[in-house]
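In this chain, residues are counted from 1 in sequence order.
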Amino acid sequence: MAERSLRGMRIGTNSLETDKNVAFVQHKEVKYQCKEGHKFRVSMAVDAEVPMAWTCRCGDEAELVEGEGVDDRKPPKPPRTHWDMLLERRKVEDLKVLLDERLELLRNGQLHVGVGRHR
């Protein structure tokens, strides 16, 4: 019985709804161009905020060619060094104490210098 109910219909390809009594929003074409020279258009609602940048099909960032837009790009994060991450976990005073302890162990011969040697 269930097999007959789907006969003659392709699932997901056609909508059973019509466009009757549907008011479409007014739209405009916005032009972008990437560094590789690709030019393309994006259709947007007339009242939508136009972004200054759009991702191109090649993966690069494309810039708005004409008109005004909103710069919604996030500023890049500054790179974090190992020292920055260490300072997030410990205070400089604590690090000085640890360094003094390790130097004392090294001077007394209780700590061996070498790659991969643990005691």
*Asks:* Can you give me the closest heavy-atom contact between A45 and V25, atom names plus distance?
*Replies:*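 Closest pair (atom of A45, atom of V25, distance): CB-CG2, 4.4 Å.
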*Asks:* Which pair of heavy atoms, one from R90 and one from L98, lies closest together, and at what distance?
*Replies:*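 Closest pair (atom of R90, atom of L98, distance): NH1-CD1, 3.5 Å.
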*Asks:* Give the minimum heavy-atom separation between L106 and L111, together with the two atoms involved.
*Replies:*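 Closest heavy-atom pair between L106 and L111: CD1-O, 3.4 Å.
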*Asks:* Rounded to the nearest 0.5 Å, what's the gap from CG on L99 to NZ on K96? Could you check?
*Replies:*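 The NZ atom of K96 is 10.0 Å from CG of L99, to the nearest 0.5 Å.
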*Asks:* Show the atom names and distances, to 0.1 Å, of all donor-acceptor pairs under 3.5 Å that link a side chain in residues 46-63 to residues at least two apart or in another chain.
*Replies:*
{"unit_1": "E61", "atom_1": "OE1", "unit_2": "R73", "atom_2": "NH1", "d": "3.0"}
{"unit_1": "E63", "atom_1": "OE2", "unit_2": "R73", "atom_2": "NH1", "d": "3.1"}

*Asks:* Nearest 0.5 Å, please: how far is CZ in R80 from CE in M85?
*Replies:*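 Output value for this atom pair is 5.5 Å.
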*Asks:* Does atom NZ (K28) have a neighbourhood of more than 12 heavy atoms from anything else shown, all under 6.0 Å?
*Replies:*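 Check passes, neighbour count above 12.
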*Asks:* Do the non-hydrogen side-chain atoms of M44 and E29 ever get within less than 4.5 Å of each other?
*Replies:*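 A side-chain contact is absent here, since even the closest heavy-atom pair is not under 4.5 Å.
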*Asks:* Could you check if a side-chain atom of F40 sits within less than 4.5 angstrom of a side-chain atom of V30, using non-hydrogen atoms only?
*Replies:*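 Result no, sub-4.5 Å side-chain heavy-atom pair not found.
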*Asks:* Got a donor-acceptor contact below 3.5 angstrom from the D100 side chain to the V97 backbone?
*Replies:*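 No, D100 side chain to V97 backbone: no donor-acceptor pair under 3.5 Å.
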*Asks:* Look at the side chain of N108 and the backbone N and O of E104, then say whether any donor-acceptor pair between them is shorter than 3.5 Å.
*Replies:*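 Present.
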